[in-house]
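Small disclaimer: the values here were computed from a predicted structure and weren't measured. Just follow the structure's listing: the first ligand is 1, and inside any ligand the first atom is 1.
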Amino acid sequence: MILWVLPAENIKQRLRCKTKVYPDELPNTSVVIVFHNEAWSTLLRTVYSVINRSPHYLLSEVILVDDASERDFLKLTLENYVKNLEVPVKIIRMEERSGLIRARLRGAAASKGQVITFLDAHCECTLGWLEPLLARIKEDRKTVVCPIIDVISDDTFEYMAGSDMTYGGFNWKLNFRWYPVPQREMDRRKGDRTLPVRTPTMAGGLFSIDRNYFEEIGTYDAGMDIWGGENLEMSFRIWQCGGSLEIVTCSHVGHVFRKATPYTFPGGTGHVINKNNRRLAEVWMDEFKDFFYIISPGVVKVDYGDVSVRKTLRENLKCKPFSWYLENIYPDSQIPRRYYSLGEIRNVETNQCLDNMGRKENEKVGIFNCHGMGGNQVFSYTADKEIRTDDLCLDVSRLNGPVIMLKCHHMRGNQLWEYDAERLTLRHVNSNQCLDEPSEEDKMVPTMQDCSGSRSQQWLLRNMTLGT
Ligand code: UD2
Ligand code: MN
């Protein structure tokens with residue numbers, strides 16, 4: 001490990017982690033690794049790092065679940081190879097391609113350890129990765145724990161430190177995203193960065209869970225295919241049903257973040273992911289699923305199968321509503337806990353709608369004929385008085401505009417808007433100007449003008465619901 005390239009604060013933290021003492025009596029773990037068409041080098045790098053960098057009395061076994069790979073070397077060659085390793089390595093073969101969710105379920109069912117640790121098939125565990133995870137579970141068996149995921153380059157395969165200053169979140173499209181650990185969580189830990197971070201969601205690939213708790217809490221949704229959605233499903237379920245999810249910052253495991261996958265998605269990538277996300281939204285998100293449906297038009301047409309078993313699970317476990325999760329676990333979420341409207345913002349005079357035109361951060365918000373299909377024309381006027389679409393907020397930093405879409409910062413400032421439901425005006429508080437129709441020069445973007453009460457400054461904030 002080349003410590004000298006790390007920022008000073010990271011070095012201090014690692015040293016503080018090194019001085020921690022963990023109990024001798026820790027639960028042991030099975031390590032479950034699922035793969036489809038994985039490369040030999042990365043798969044073996046994972047297996048060797050588990051064996052070489054874990055105390056063997058804590059390792060019950062390593063279970064490799066082959067999700068019907070097509071590569072020859074993953075058959076007999078692999079079987080013969082692992083026979084000679086110092087820790088029992090069991091290989092399980094799925095009869096047909098099932099996806100990582102059902103493959104993990106199979107691995108879990110075959111495992112014997114008191115804890116189950118899941119890893120992707122292209123990881124490198126570092127020295128001391130395991131003890132902090134198991135120690136935390138010993139303290140509280142309902143805590144599901146993730147290591148810090150360091151980055152292994154998919155070009156050079158070099159190892160680079162990940163950050164302990166980000167945690168897991170998600171956007172309206174239900175994509176998992178890393179966001180900065182908020183101040184409230186730093187405060188709760190009294191600034192001690194060696195203490196676990198409570199995280200709203202997990203990336204999904206690398207975590208340890210008490211075996212009995214895994215069963216109690218409903219394992220995985222076996223109706224999910226191939227890839228995607230299961231990590232948020234499990235995150236919501238854990239929090240809403242009385243557990244907790246943490247990143248244990250003293251545990252580091254590297255992961256190869258790949259630009260392309262070595263496998264196909266039978267039925268189409270979009271279809272598979274949308275189906276999984278619908279299952280997760282329908283079971284766990286209550287009315288907040290509208291955010292997902294409105295921003296991704298077309299998703300509601302995807303058949304998501306039967307979720308009644310998962311809904312029954314939610315009832316039996318007496319899980320809390322999604323609003324509770326947003327309020328207590330993820331108040332900095334991109335989905336607002338309270339909001340005034342979710343839908344198009346339509347100009348009364350021109351009958352055109354605000355439209356982000358598929359643009360990204362730092363660009364002007366557009367305006368276009370209303371299409372009523374959601375997607376780029378969906379904005380939410382929130383109880384915090386921001387106008388947001390996903391993680392971008394309408395922001396004005398100069399008199400007379402322009403109106404830019406910037407990452408929402410929750411600091412009010414230039415992102416604070418006052419909607420007058422009688423006059424129908426959207427007044428930008430800092431500049432005291434009103435949102436107005438486009439000028440002659442540029443018909444594609446709205447303008448900021450002194451408030452005049454004209455019809456061009458009147459806007460209808462509509463609540464739309466697509467789907468269900
Ligand atoms: C992330 C997670 C991954 C999973 C996924 C969402 C990390 C580091 N990785 O994507 O674990 O939660 O988000 O679903 O948090 N695999 C199969 N059968 C398949 C497809 C994949 O066995 O049909 C295996 C694959 O070989 C790998 C694991 O599942 O070992 C995860 O797949 P990935 O590495 O392509 O996912 P990743 O890291 O992009
Ligand atoms: Mn992966």
Side-chain angles (χ1 to χ4, degrees), residues 31-47 50 62-71 74 78 91-108 116-125 129 144-154 157 162 166-170 173-178 199 201-209 220-236 245 247 251-269 271-277 279-280:
V31 176
V32 173
I33 299 167
V34 305
F35 62 92
H36 178 77
N37 285 355
E38 190 64 39
W40 179 265
S41 55
T42 46
L43 179 62
L44 268 291
R45 181 177 181 172
T46 313
V47 173
V50 170
V62 176
I63 296 183
L64 303 180
V65 186
D66 171 15
D67 186 14
S69 297
E70 294 133 347
R71 298 180 174 177
L74 293 170
L78 180 66
I91 300 182
I92 297 172
R93 311 272 183 193
M94 302 298 281
E95 300 76 48
E96 55 176 34
R97 175 86 183 281
S98 317
L100 70 94
I101 296 117
R102 290 192 286 275
R104 279 188 197 152
L105 283 171
R106 184 74 69 84
I116 307 174
T117 298
F118 293 97
L119 295 178
D120 274 8
H122 32 263
C123 289
E124 180 181 330
C125 304
W129 73 289
V144 178
V145 288
C146 311
I148 291 211
I149 306 181
D150 292 330
V151 178
I152 301 175
S153 157
D154 71 341
F157 292 92
T166 60
Y167 77 173
F170 58 93
K173 296 188 177 120
L174 301 185
N175 302 123
F176 171 87
R177 288 281 179 271
W178 299 103
T199 180
T201 70
M202 65 166 148
L206 289 56
F207 66 96
S208 299
I209 184 168
Y220 270 125
D221 177 356
M224 289 188 172
D225 303 327
I226 307 297
W227 184 100
E230 95 293 343
N231 53 331
L232 297 190
E233 194 272 343
M234 183 172 251
S235 306
F236 297 167
L245 183 58
I247 297 170
S251 169
H252 283 253
V253 176
H255 169 262
V256 183
F257 289 89
R258 308 189 275 205
K259 288 186 203 82
T261 56
Y263 51 79
T264 56
F265 285 69
T269 313
H271 182 87
V272 170
I273 298 173
N274 288 335
K275 174 188 167 182
N276 292 351
N277 282 342
R279 294 183 68 87
L280 127 86

Do you know the tightest heavy-atom contact between Leu119 and Cys125? CD1-SG, 3.8 Å
shortest atom 26 (O) of ligand 1-to-protein heavy-atom contact is with His36 N, 3.1 Å
Is there a heavy atom in Gly99 that sits closer than 4.0 Å to ligand 1? yes
Out of Arg104, Glu230, Glu233, which one pairs with Tyr220 under the side chain to side chain donor-acceptor pair (under 3.5 Å) rule? Arg104
Near Asp67 (heavy-atom distance under 4.0 Å), the atoms of ligand 1 are 17 (C), 18 (N), 19 (C), 22 (O), 23 (O)
Does Asp150 use its side chain to pair, donor to acceptor, with the backbone of His252 at less than 3.5 Å? no
Within the 4.0 Å heavy-atom shell around Ala121, which atoms of ligand 1 are there? 30 (O)
His255 heavy atoms within 4.0 Å reach ligand 1 at atoms 8 (C), 38 (O)
Residue, atom and distance of the protein heavy atom nearest atom 9 (N) of ligand 1 read Asp120 OD2, 3.0 Å
Tell me: protein heavy atom nearest atom 39 (O) of ligand 1, and distance? Trp227 NE1, 3.7 Å
Drop me the distance from Asp67's CG to Glu96's CD, to the nearest 0.5 angstrom. 9.5 Å
Distance from Asn37 atom CG to Thr261 atom OG1, nearest 0.5 Å? 10.0 Å
Measure the distance from atom 16 (N) of ligand 1 to every protein heavy atom, then report the residue, atom name and distance (to 0.1 Å) of the closest one. Leu100 CB, 3.8 Å
For atom 30 (O) of ligand 1, what's the nearest protein heavy atom and its distance? Val34 O, 2.8 Å
Would you call Leu78 and Leu64 a side-chain contact if the rule is heavy atoms closer than 4.5 Å? yes
Do Arg97 and Ile226 come close enough that some side-chain heavy atom pair is under 4.5 Å? yes
Taking only non-hydrogen atoms of Ile226 and a 4.0 Å limit, the atoms of ligand 1 in range are 19 (C), 20 (C), 23 (O)
Close approach of Arg104 to ligand 1, heavy atoms, under 4.0 angstrom: yes
Need the ligand 1 atom indices (1-based, order shown) with element for anything under 4.0 Å from a heavy-atom of Glu230. 4 (C), 6 (C), 12 (O), 14 (O)
Show me which atoms of ligand 1 lie under 4.0 Å from any heavy atom of Tyr263. 20 (C), 21 (C), 32 (O), 33 (P), 35 (O)
Any nitrogen or oxygen of Gly229, main chain or side chain, under 3.5 Å from a nitrogen or oxygen of ligand 1? no
Side chains of Ile273 and Trp227: does their closest heavy-atom pair fall under 4.5 Å? yes
Check whether any side-chain heavy atom of Phe157 lies under 4.5 Å from a side-chain heavy atom of Val256, and answer yes or no. yes
Within the structure provided, determine whether Phe207 and Ile116 are in side-chain contact (heavy-atom separation under 4.5 Å). no
Taking only heavy atoms of Leu206, which atoms of ligand 1 are found under 4.0 Å from at least one of them? 8 (C)
How close does the nearest protein non-hydrogen atom get to atom 15 (O) of ligand 1, and which residue and atom is it? Gly205 N, 2.8 Å
Using a 4.0 Å heavy-atom cut-off, say whether Phe257 meets ligand 1 through its side chain, its backbone, both or neither. neither
Counting backbone and side-chain atoms alike, does His255 have an N/O/S atom under 2.8 Å from the Mn ion (ligand 2)? yes
Under 4.5 Å between any side-chain heavy atoms of Arg106 and Ser98, yes or no? no
Would a distance-only check, ignoring hydrogens and angles, find a side-chain to backbone donor-acceptor pair under 3.5 Å from Asp66 to Arg93? no
In terms of residue, atom name and distance, what is the protein heavy atom nearest to atom 1 (C) of ligand 1? Ala203 O, 4.0 Å
I want to check something: taking the side chain as every heavy atom from C-beta on, are Val253 and His255 in contact at a cut-off of under 4.5 Å? no
By atom name, which N, O or S atom of Asp120 is the nearest to the Mn ion (ligand 2)? OD2
Under 4.0 Å from one or more heavy atoms of Arg258, ligand 1 contributes atoms 33 (P), 34 (O), 35 (O)
